[in-house]
Asks: 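This is the structure I want to talk about, given as structure tokens.
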Amino acid sequence: MDQFRGRNTRGADLAYKYAFDDKGFVKLSCFYYNIQDYILHKAVYVNRAPSYQAWAAYNADAEIYGTTLSGSYALLDNLQLRAAVTYQDNKKTNDPGDPNGMMDKLEYVPNWKSTVGSTWKITEDLTFDAALTYVGERNYYINTANLSKGTLSPYTTLGASLSYKVDKHLTVEAYADNITNTQYQECWGYPALGFNAGVSIKWEL
């Protein structure tokens with residue numbers, strides 16, 4: 001995962017899964033990652049006009065830990081529901097771009113993430129998928145002449161796809177992401193893509 005980028009990572013995962021015969025399952029997992037030289041990329045203060053900032057990539061140390069509850073259940077033979085919710089927290093140390101320890105956590109890492117979705121097999125060859133995804137608020141700071149801390153608002157997006165298996169080799173899919181055209185930012189100052197859609201063709205030998 002992108003937020004676990006670093007040169008030296010040690011981690012542990014513990015999970016318990018309960019299955020409902022052939023209908024589905026519930027799974028509870030806990031995770032812990034200790035990351036040395038976590039890669040950061042942000043604006044850092046420099047003593048020059050006019051902006052007093054420049055972009056730099058450098059390393060810090062981080063710990064990320066949390067738990068995920070997920071599950072899947074077949075309401076009908078051709079209709080599968082799925083859901084997952086994750087709570088995570090983290091600690092950041094040895095950040096040369098934050099010498100005063102203004103933010104002791106990693107930027108842009110939300111505490112809460114969740115998704116709810118379904119897969120409807122309309123026919124043997126035609127499948128409809130939909131998913132609603134929630135990402136909680138994320139903190140960040142701008143390292144300029146005047147350090148300031150901010151928060152990006154939580155957001156929810158809806159995506160769907162319709163795929164058709166033409167034969168054993170060829171599958172055609174039409175998809176749409178962010179159907180509600182939610183306006184949000186993954187990183188401060190860089191708006192994410194709004195509604196977008198397309199068609200894909202997959203060929204398998």
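Keep in mind that what you see is a predicted model, and the values were worked out from it rather than measured. Nothing fancy with the numbering, it's 1 onward along the sequence.
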Asks: Would you call D89-K105 a salt bridge at under 4.0 Å N-O?
Replies: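 Yes, D89 and K105 are salt-bridged.
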Asks: D129 and T127: which non-hydrogen atoms are nearest, and at how many Å?
Replies: OD2-CG2, 3.8 Å
Asks: So how far is it from T180 OG1 to L158 CG, rounded to the nearest 0.5 Å?
Replies: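 Answer rounded to 0.5 Å: 6.0 Å.
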Asks: Using the rule that Ile, Leu, Val, Met, Phe, Trp and Tyr join whenever any side-chain heavy atoms are under 4.5 Å apart, tell me whether V116 and Y175 fall into a single cluster.
Replies: no
Asks: Distance check, rounded to the nearest 0.5 Å: L28 atom CG versus L69 atom CG?
Replies: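 L28 atom CG to L69 atom CG measures 6.0 Å (nearest 0.5 Å).
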Asks: I would like to know whether N59 and L40 meet side chain to side chain contact (heavy atoms under 4.5 Å, CB included); could you show each step before the answer?
Replies: CA-CA 6 Å; N59 299 328; L40 299 170; over 6 Å; no
Asks: Less than 4.5 Å apart, any side-chain heavy atom of L205 and any of W203?
Replies: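 They are in side-chain contact.
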Asks: Assigning hydrophobic clusters by single linkage (Ile, Leu, Val, Met, Phe, Trp, Tyr; side-chain heavy-atom cutoff under 4.5 Å), is Y134 placed with V85?
Replies: yes
Asks: What heavy-atom pair brings P110 and G136 nearest, and what distance separates the two atoms?
Replies: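 That would be CB-O, 3.7 Å.
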Asks: Are Y164 and V199 linked, directly or through intermediate hydrophobic residues, by side-chain heavy-atom contacts shorter than 4.5 Å (ILVMFWY only)?
Replies: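 V199 and Y164: one cluster.
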Asks: Taking atom SG of C187 and atom CG of L152, what is their separation to the nearest 0.5 Å?
Replies: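 Separation between the atoms: 7.5 Å.
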Asks: Side chain of D125, backbone of T123: donor and acceptor closer than 3.5 Å?
Replies: no
Asks: Should L106 and E63 count as side-chain neighbours, where that means a heavy-atom distance under 4.5 Å?
Replies: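 In short, these two side chains do not touch, never coming nearer than 4.5 Å.
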Asks: So how far is it from Y65 OH to Y32 OH, rounded to the nearest 0.5 Å?
Replies: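 Answer rounded to 0.5 Å: 8.5 Å.
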Asks: Would you say T115 and L132 make side-chain contact, with heavy atoms under 4.5 Å?
Replies: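 SC-SC contact between T115 and L132 ruled out.
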Asks: Considering only heavy atoms from C-beta outward, does the side chain of E186 approach that of R138 to under 4.5 Å?
Replies: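 Heavy-atom side-chain distance check passes, below 4.5 Å.
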Asks: Any luck finding a side-chain donor-acceptor pair between T68 and S70 under 3.5 Å?
Replies: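 No, because no side-chain N or O of T68 sits under 3.5 Å from a partner of the opposite role on S70.
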Asks: More than 12 non-hydrogen atoms from neighbouring residues, nucleotides or ligands closer than 6.0 Å to CG on D77, yes or no?
Replies: no
Asks: For D167, I'd like to know if atom CG has over 12 heavy atoms of other residues, nucleotides or ligands within 6.0 Å.
Replies: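 Counting other residues, nucleotides and ligands, CG of D167 exceeds 12 neighbours.
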Asks: Any non-hydrogen side-chain atom of S161 less than 4.5 Å from a side-chain atom of F128?
Replies: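 S161 does not reach F128 side chain to side chain.
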Asks: Do you know the tightest heavy-atom contact between K121 and E124?
Replies: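 Looks like NZ-O, 3.2 Å.
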Asks: Aromatic ring centroids of Y18 and Y16 under 6.0 Å?
Replies: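 No - the distance between ring centres of Y18 and Y16 does not fall below the 6.0 Å cut-off.
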Asks: Could you report the tightest heavy-atom contact between I179 and F195, atom names first, then the distance?
Replies: CA-CD1, 3.6 Å
Asks: Would you kindly confirm whether L126 and L79 end up in one hydrophobic cluster when ILVMFWY residues are joined by side chain heavy atoms under 4.5 Å apart?
Replies: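 Hydrophobic grouping puts L126 with L79.
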Asks: Any side-chain heavy atom of N111 sitting closer than 4.5 Å to one from Y87?
Replies: yes
Asks: Do you reckon F31 sits in the same ILVMFWY cluster as V109, going by side-chain contacts under 4.5 Å, direct or chained?
Replies: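 In one cluster: yes.
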Asks: Can you tell if the side chain of N90 reaches within under 4.5 Å of the side chain of Y38, non-hydrogen atoms only?
Replies: no
Asks: Between F20 and V26, is the side chain to side chain contact (heavy atoms under 4.5 Å, CB included) condition met? List the steps.
Replies: CA-CA 8 Å; F20 300 101; V26 171; 3.5 Å; yes
Asks: From D104 CG over to K92 NZ, what is the distance, rounded to the nearest 0.5 angstrom?
Replies: 7.5 Å
Asks: For T157 and N178, test the side chains for any donor-to-acceptor distance below 3.5 angstrom and give the result as yes or no.
Replies: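 Distance-only check fails for T157 and N178.
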Asks: Are N78 and I122 side-chain neighbours, meaning at least one heavy-atom pair lies under 4.5 Å?
Replies: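 Heavy-atom side-chain distance check fails, nothing below 4.5 Å.
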Asks: Would D95 and Y58 satisfy side chain to side chain donor-acceptor pair (under 3.5 Å), going step by step from the backbone distance to the final call?
Replies: CA-CA 9 Å; D95 183 349; Y58 61 93; 2.9 Å; yes
Asks: Distance check, rounded to the nearest 0.5 Å: S29 atom OG versus D13 atom CG?
Replies: 7.0 Å
Asks: Between K27, R82, K23, Q80, which is the residue that forms a side-chain hydrogen bond (donor to acceptor under 3.5 Å, both in side chains) with S72?
Replies: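 So, applying the side-chain hydrogen bond (donor to acceptor under 3.5 Å, both in side chains) to S72 and each of K27, R82, K23, Q80, only Q80 qualifies.
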Asks: Under the 3.5 angstrom rule, does the side chain of S163 hit a backbone N or O of V172 as a donor-acceptor pair?
Replies: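 Answer holds: no.
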Asks: Looking at residues at least two apart in the chain, or sitting in another chain, which of them share a side-chain hydrogen bond (donor to acceptor under 3.5 Å, both in side chains) with W188?
Replies: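 For W188 the side-chain hydrogen bond (donor to acceptor under 3.5 Å, both in side chains) partners, ignoring immediate neighbours, are Y140.
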